[in-house]
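Structure, as structure tokens:
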Amino acid sequence: MMYRVSRDLVYCKGLKNILISLLILFSLASCSSKKEMSKSLNTDNEAEFYYTFLEANRLKILGDYNTALKLYLQSLEIKPTSDGTMHEIARINGALGNFDLAIKYAKMAVKQNPGNKFYYYTLADIYLDNQQIDQAIEVYENIQKIDPENQEVTFYLAMLYKQNQKFNEAVNTLNKLEEKVGVNESISINKQQIFLFQGNKTKAYDEINKLITNYPEEAKYYAILADMYTRDNLLLKAEETLTILFQKDSLNPQGQITLIDFYRRKVDYDHVFLVVDIVLDNELVDFGSKVMVLY
């Protein structure tokens, strides 16, 4: 009897172990099934996202911005973290003149992926299109922090400062750029214009003389200097500079037009009209300038 009971107990324990094992296997299979289902759903969403996004791109290229915009928004619903989609929505809204929405989504793209400088460019362009210069400057300052060695960004930032009449910031930025690239026409001419606007003629002259010192064979810099001297009635210096200019470039258009003003200020009208005829015959002088000369 004792044997029978022991064997039954053993049998029951064995059955219990089998049942437990089956339950564990079932649980593992169930979990695996759920994971596979979840993976399948994620894969389906990813496929749907790419299909919708690519279709939006196709329609954008064809010029159907409104339908493309709807699909981009649909793409973003499928994948809310897609900074590329945010960027495209911003660009289309900008093209359609929906600046508030364009700025909103451009900022979202920047926030989602702050290391992508092209998103900053888009945001800055939208601000500029909407005449928000201060905000565009702030964005370009951020771009410069991301890409400090980019000379084009530094120069463009200086031009934005200049456009917004932040002249000290513009000059400081141009000076920093000049330290990296050396004496450069675009840098010096812009600084000269700023100094003239500020009434600082000494520094304005310094910038042109710097160009002449570094590029003595460039006739156009002598033409600029001669024009400055003439406008300031420094006629002796103007004459000396014009002499050097025409030795280097006898048909220089700006020099010839400055020569007209030079003789006019000297009240030497015989030479004025003589040079007017020369200018009118000079094919290098554009039509608009000839009209102004005649006027």
- prompt: Taking NZ, NE, NH1 and NH2 as the nitrogens, is one of them in Lys210 or Asp206 under 4.0 Å from a carboxylate oxygen of the other?
  reply: no
- request: Report yes or no: does Asp227 contribute a side-chain atom to a donor-acceptor pair with the main-chain N or O of Ala223 at less than 3.5 Å?
  value: no
message: For the NZ atom on Lys248, are there more than 12 heavy atoms of other groups (residues, nucleotides or ligands in this structure) within a distance under 6.0 Å?
response: yes
message: Can a donor-acceptor pair be found, under 3.5 Å and without considering hydrogens, that links the side chain of Tyr222 to the backbone of Glu217?
response: no
query: With no hydrogens and no angle check, is any side-chain donor or acceptor of Asn98 less than 3.5 Å from a backbone partner on Leu101?
result: no
task: Please check if the side chain of Asp232 supplies one atom and the backbone of Leu234 the other of a donor-acceptor pair under 3.5 Å.
output: no
query: Looking at Leu123 and Ala106, what are the two nearest heavy atoms and their distance?
result: CD1-CB, 3.7 Å
message: So does Ile278 get a backbone contact from the side chain of Asn282, meaning a donor-acceptor N/O pair under 3.5 Å?
response: no
- prompt: Would Glu141 and Tyr161 count as a side chain to side chain donor-acceptor pair (under 3.5 Å) if you check the C-alpha gap in whole Å, the side-chain angles of each, and the deciding distance to 0.1 Å?
  reply: CA-CA 11 Å; Glu141 287 172 342; Tyr161 284 138; 2.5 Å; yes
query: Is a side-chain N or O of Arg265 found less than 3.5 angstrom from the main chain of Asn233, in a donor-acceptor match?
result: no
query: Does Asn172 use its side chain to pair, donor to acceptor, with the backbone of Asn168 at less than 3.5 Å?
result: yes
message: Would Glu88 and Arg91 count as a salt bridge (Lys or Arg N to Asp or Glu O under 4.0 Å) here? Give the steps.
response: CA-CA 5 Å; Glu88 291 300 332; Arg91 291 180 64 190; 3.6 Å; yes
task: Output, in order, the C-alpha distance, side-chain angles, deciding distance and verdict of ring-ring contact (aromatic ring centres under 6.0 Å, His included) for Tyr205 and Tyr229.
output: CA-CA 9 Å; Tyr205 277 110; Tyr229 282 141; 5.1 Å; yes
task: For Lys180, look at atom NZ and say whether over 12 heavy atoms of other residues, nucleotides or ligands are found less than 6.0 Å away.
output: yes
message: Applying the side-chain contact (heavy atoms from CB on, under 4.5 Å) criterion to Lys166, which one of Asp134, Leu160, Val171 satisfies it?
response: Asp134
message: How about CZ on Phe246, more than 12 heavy atoms from neighbouring residues, nucleotides or ligands closer than 6.0 Å, or not?
response: yes
query: Parallel, tilted or perpendicular: which fits the ring planes of Phe118 and Tyr121, with parallel below 30° and perpendicular above 60°?
result: tilted
- request: Evaluate the side chain to side chain donor-acceptor pair (under 3.5 Å) criterion for residues Asn209 and Tyr221: first the C-alpha distance (whole Å), next the side-chain angles of each, then the deciding distance (0.1 Å), finally the verdict.
  value: CA-CA 8 Å; Asn209 280 313; Tyr221 303 143; over 6 Å; no
Minimal non-hydrogen separation, Arg264 against Asp261, with atom names: NH2-OD1, 2.5 Å
message: Quick one, Tyr119 with Asn113, criterion side chain to side chain donor-acceptor pair (under 3.5 Å). Give me CA distance, side-chain angles, the key distance, then yes/no.
response: CA-CA 8 Å; Tyr119 294 169; Asn113 188 355; 4.7 Å; no
- prompt: In terms of ring plane angle, is the pair Phe167 and Phe197 parallel, tilted or perpendicular, where the classes change at 30° and 60°?
  reply: tilted
task: Decide, yes or no, whether a salt bridge links Lys104 with Asp100 under the criterion of side-chain N to carboxylate O below 4.0 Å.
output: no
- line: What one should report as the nearest heavy-atom pair of Glu178 and Ser188 is OE2-OG, 3.9 Å
